[in-house]
Amino acid sequence: MERDIKALVKQLTIEEKVGLCGGEDWWHLRAVERLGVPRVMVSDGPHGLRKQNDKADHLGVNDSIKAVCFPAACATASSFDKELLYRMGEAIGEECQAENVSVILGPAINIKRNPLCGRNFEYISEDPFLAGKSAAAFIKGVQSKNVGTSLKHFAANNQEFFRTTTDSIVDERTLREIYLAAFETAVKEAQPWTVMCSYNKLNGVHASEHQWLLTKVLRGEWGFKGYVVSDWFAVSDRPAALKAGLDLEMPYSGGHNDEALLKAVEDGRVPQDVLDTAVERILSKVFEYADNRRIEAEFNRDAHHAIAAEIEKESAVLLKNEGGPDNGLLPLKKDQKVAFIGAYAAKPRFQGGGSSHINAHKVTSTLEAVRARGVDVTYVEGFPSDRDVGDPVALAAAVESALQADVAVVFAGLPDAFESEGYDREHMRLPDCQNAVIAAVAEAQPNVVVVLHNGSPVEAPWIARVKSVLELYLGGQAVGEAAAALLFGEANPSGKLAETFPLRLEDNPSYENFPGDGRTVEYREGVFVGYRYYDYRKMDVLFPFGHGLSYTSFRYDNLKLERSTVDFVTGGETLIVTVDITNTGKVKGKEAVQLYVEDKTGATIRPVRELKGFDKVSLAPGETKQVVFMLNKRSFSWYNVKLNDWYCGAGDYNVVIGASSRDLRLSATVRVTSHVNPPFHVDWNTTVDALLKDPRTRPLTLELGEKYFGNDKVPEGLENIASGTKWAERGYLEAPLRNLYMVRGIPYETVKKIIESFNKLL
Ligand code: BGC
């Protein structure tokens, strides 16, 4: 149905309009019955439905309806699989239709700046390309069911410590390249119905009142069409927020803000048309939902439980399997005597705490799933699931059961209290009691597998003493089904890490500046987040970004670039890259192939390489498939604050294909001929180096040559010194133009004219 929203808005009173820009209660938008505006609901997610019928809260404390808990984003991000995320979105969209929920509050895509952020389990990646593409796929899936999403939390909300008031200080290049880029991709590619502003301030201004963020960038530059909603209670100054571009305040906050807004509109501080526009945006989405409501939609919990299991199978990451696909301890054989040790074998940790907490309709543990397959495994608890308390009796029982078996599988992880929305982690370790059990078991038994249930990286002091490690992350309510299938080889692991596991917390680039003092947090590491930093510093890590093993092996061949030079004149040009992947092992498997770009132009300081493409291919043994990537100007660019734009310098770039960020298999070079020159003004302090680097001033610099600049002639008196040549070279390149008259005796007026001639070329 085509609706004339503008005409509808004209019929509303100011009070009604103000009312529509704020929540009626915790989860509902207001209705205007006389004009047929329905009362619609929004609900948390995003990895399932947290629909609250009775007592409401935003902390996941009170109950919500029984629903299906899918794997959290920490897990699904590791799938590197856009189709899978789309399917998960479809399933959740269908649930929303069945439960009459107009918008699911997610995906949450804040960058994992530091492993201690309490909400990392909900977030996708340390890499904005992966986060943006994964979010876009999920959003498209949900919205294909005519249900909206809320892309959150916009922006630079990368910690829980004083999250409602702290001020994130981030320079523009870092913001654009790291903290906004994932939002940009998701908005441009998937048009989420809503974007949720974050609680924090960004460079001194509350995100909810941030005109530059919510209007200039989000709408003006990226073309966002939906409405902006506040995070729950994130509004400080309601009139200022509306003017800045925050359309809907959620939830109902007691009436004061509505009154303040009404007054501000009445006395002209907030123009009427600003209010009208906000109402139009909200109503467009309210009706997009209401007009496409499918009351026949079904929420089949058991069917979605099965989907959740499939998703987790594609997401879990095989971190270590000594001996490789042919001689690894994994997969386990059904005739081996297997000892399961650790509380999470029977009671998995499968989701995190806070607003994303789902009331799971059933939970399958690995123990249950394995026994349902008729496989006989022993089980001892070893340690408690919910706290860090060692028990010598339980530890002795763990060692004893390991001694009796051929293989010991320790189910470790982080207790709920260790990571949650609302507070950050205190350290990057597993509970000491769990590390003690793993160490003791490894002492008694040479064949040890560790299975991890955690929302973000942990240190692994026992890594050299165990043969295999399977990272399940927070795998959703069907995690046990997936783990059983993966451990016994019914399914082949294919997940890859969406984040680096550093060796120690202190290695993290934001270590000194996380989480700040509670008032401000400075993002001083700049663009060097995650692997961008570890690679630049050539540091050893526990497991690199993009890492993940399989029960088979893959060969990478025939990297081809469509052409060896590319000229980004209009910005619309593309470069097609192809590579062949072959399954060289004995079983079927999937490989997440990664494309990184390395900037060799030296135009600015950049990370060594950055992810600019990924795809997942499924291959039978012996089978080869071609993977195709499409690169564009943005794939090569960095954000140039002088240009206020993305800039791709002229010169060489390597296109590198990897099985991980540290397992690079093939590389080819492409030369980019750039047509955009950054702004350049020549003055007395401009150096010869700068003049030579800019293609517009280079010819004249060379022409003026030795006569004026002396070139790299060794200065008098330095001829016999070994460092003389170096001096000459640096002296030549680093000389400012004022040296021409000050050092070289060229008349001042002549130098002035030379400067003018240069500027005429720019
Ligand atoms: C969280 C949001 C959530 C909202 C509603 C807030 O505290 O930050 O992610 O959607 O509550 O529960």
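Position 1 is the first residue of the sequence, and the numbers go up from there.
Closest approach of Ala484 to Ala369, counting heavy atoms only: CB-CB, 3.7 Å. Here the shortest heavy-atom pairing between Tyr551 and Pro493 reads CE1-CD, 3.4 Å. Of all non-hydrogen atoms in Val450 and Ala412, the two that sit nearest each other are CG1-CB, 4.4 Å. Listed here is the closest heavy atom pair of Met428 and Pro457: CG-O, 3.3 Å. When every heavy atom of Pro348 is checked against every heavy atom of Val363, the shortest pair comes out as CG-CG1, 3.9 Å. Across all non-hydrogen atoms, the minimal contact from Tyr531 to Asp127 is OH-OD1, 2.7 Å.
Classification of Glu459 and Arg504 as a salt-bridged pair fails, no side-chain N sitting under 4.0 Å from a carboxylate O. By the 4.0 Å N-to-carboxylate-O rule, Glu310 lies too far from Arg87 to be salt-bridged with it. One finds a salt bridge joining Glu525 and Arg113 here, because a Lys/Arg side-chain nitrogen approaches an Asp/Glu carboxylate oxygen to under 4.0 Å. For Lys588 and Glu623, the salt-bridge test fails: no basic side-chain N is under 4.0 Å from an acidic carboxylate O. A salt bridge between Asp406 and Lys333 is absent, with no side-chain N of the basic residue lying under 4.0 Å from a carboxylate O of the acidic one. Taking 4.0 Å as the cut-off between side-chain N and carboxylate O, Arg532 and Glu610 count as a salt-bridged pair. A salt bridge links Arg662 and Asp535; the closest N-O separation between the charged side-chain nitrogens and carboxylate oxygens is under 4.0 Å. A salt bridge links Glu122 to Arg119: one of the charged nitrogens lies within less than 4.0 Å of a carboxylate oxygen.
The CH2 atom of Trp222 lies 7.5 Å from the CZ atom of Phe183; values are rounded to the nearest 0.5 Å. Here Leu474 contributes atom CG and Phe350 contributes atom CZ; the two are 9.5 Å apart, rounded to the nearest 0.5 Å. Here CG of Asp376 is found 12.0 Å from CG of Asp335. Values are rounded to the nearest 0.5 Å. In this structure, Thr366 OG1 and Tyr344 OH are separated by 13.0 Å, a value rounded to the nearest 0.5 Å. Glu312 contributes atom CD, which lies 10.5 Å from atom CG of Leu84 (distance to the nearest 0.5 angstrom). Atom NZ of Lys560 sits about 11.5 Å away from atom CG of Leu666, to the nearest 0.5 Å.
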Start with the C-alpha distance between Arg373 and Glu490, add both sets of side-chain angles, then the distance that settles salt bridge (charged side-chain N to carboxylate O under 4.0 Å, His left out), and finish with yes or no.
CA-CA 11 Å; Arg373 284 164 167 76; Glu490 283 164 32; 2.7 Å; yes
Evaluate the salt bridge (charged side-chain N to carboxylate O under 4.0 Å, His left out) criterion for residues Lys633 and Glu573: first the C-alpha distance (whole Å), next the side-chain angles of each, then the deciding distance (0.1 Å), finally the verdict.
CA-CA 7 Å; Lys633 180 181 175 195; Glu573 298 81 358; over 6 Å; no
Hey, mind stepping through Glu471 and Asn454 against side-chain hydrogen bond (donor to acceptor under 3.5 Å, both in side chains) and telling me if it holds?
CA-CA 8 Å; Glu471 173 60 83; Asn454 47 311; 3.2 Å; yes
Full working for side chain to side chain contact (heavy atoms under 4.5 Å, CB included) between Arg563 and Ile576:
CA-CA 8 Å; Arg563 51 191 187 279; Ile576 292 171; over 6 Å; no
What's the verdict on side-chain hydrogen bond (donor to acceptor under 3.5 Å, both in side chains) for Asn632 and Thr574, showing C-alpha distance, side-chain angles and the deciding distance?
CA-CA 5 Å; Asn632 55 27; Thr574 55; over 6 Å; no
Is there a side chain to side chain contact (heavy atoms under 4.5 Å, CB included) between Tyr123 and Ile111? Walk through the geometry before answering.
CA-CA 7 Å; Tyr123 299 152; Ile111 292 296; over 6 Å; no
Verdict with supporting geometry, Asp302 and Lys362, salt bridge (charged side-chain N to carboxylate O under 4.0 Å, His left out):
CA-CA 9 Å; Asp302 287 332; Lys362 70 173 176 195; 3.4 Å; yes
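Formation of a donor-acceptor pair under 3.5 Å by the Ser134 side chain with backbone atoms of Ala131 is not found in this model. In this structure a side-chain-to-backbone donor-acceptor pair under 3.5 Å is present from Gln477 to Cys69. Asn300 contributes a side-chain N or O that, together with a main-chain N or O of Ala303, makes up a donor-acceptor pair within less than 3.5 Å. Counting only distance, with no hydrogens or angles, the side chain of Glu481 and the backbone of Ala309 share no donor-acceptor pair below 3.5 Å. Counting only distance, with no hydrogens or angles, the side chain of Asp615 and the backbone of Val627 share no donor-acceptor pair below 3.5 Å. Side-chain atoms of Thr582 do not come within 3.5 Å of backbone N or O of Thr584 as any donor-acceptor pair. Checked by atom type and distance alone, the side chain of Ser125 pairs as donor or acceptor with a backbone atom of Ala498 at under 3.5 Å. Between the Lys320 side chain and the Val466 main chain, a donor and an acceptor come within less than 3.5 Å of each other. Panel note: side chain Arg606, backbone Ser637; a donor-acceptor pair is recorded below 3.5 Å. Looking at Ser661, its side chain never comes within 3.5 Å of a backbone N or O of Pro544 through a donor-acceptor pair.
Side chains of Asp507 and Tyr534: no donor on one and acceptor on the other come within 3.5 Å. Side-chain contact annotation: Lys467 with Asn321, donor-acceptor N/O pair under 3.5 Å absent. Using modelled atom types, one finds no donor on one side chain facing an acceptor on the other under 3.5 Å when comparing Ser550 with Glu591. A donor-acceptor contact under 3.5 angstrom links the side chains of Lys616 and Ser494, judged on distance only. Neither side chain, Glu598 nor Tyr596, offers a donor N or O lying under 3.5 Å from an acceptor on the other. Between the side chains of Thr669 and Asn654, at least one donor N or O lies within less than 3.5 Å of an accepting N or O. His547 and Thr500 share no side-chain donor-acceptor pair at under 3.5 Å. Thr149 and Gln143 form a side-chain donor-acceptor contact under 3.5 Å, judged by distance and modelled atom types alone.
The side-chain contact (heavy atoms from CB on, under 4.5 Å) test with Phe629 is passed by exactly one of Val579, Val655, Leu561, Thr578: Val579. Just one residue in the list Ile581, Asp557, Asn558, Asp580 forms a side-chain contact (heavy atoms from CB on, under 4.5 Å) with Gln626, and that residue is Asp580. Considering Leu472, Leu470, Leu414, Val469 in turn, Val469 is the only one that fulfils the side-chain contact (heavy atoms from CB on, under 4.5 Å) rule with Leu452.
For the pair Lys82 and Phe614, the cation sits on the ring face: its NZ or CZ lies under 6.0 Å from the ring centre, inside 45° of the axis. Cation-pi check for Arg301 over Phe299 is met; the charged atom lies under 6.0 angstrom from the ring centroid and within 45 degrees of its normal.
Ring pair Phe528/Tyr533: centre-to-centre distance not below 6.0 Å. Less than 6.0 angstrom separates the ring centroid of Phe411 from the ring centroid of Phe340.
Using the six-membered ring where Trp is involved, Tyr653 and Phe636 have ring planes that are perpendicular, over 60° apart on the 30 and 60° scheme.
Counting heavy atoms from C-beta on, the side chains of Asp645 and Asn640 never come closer than 4.5 Å.
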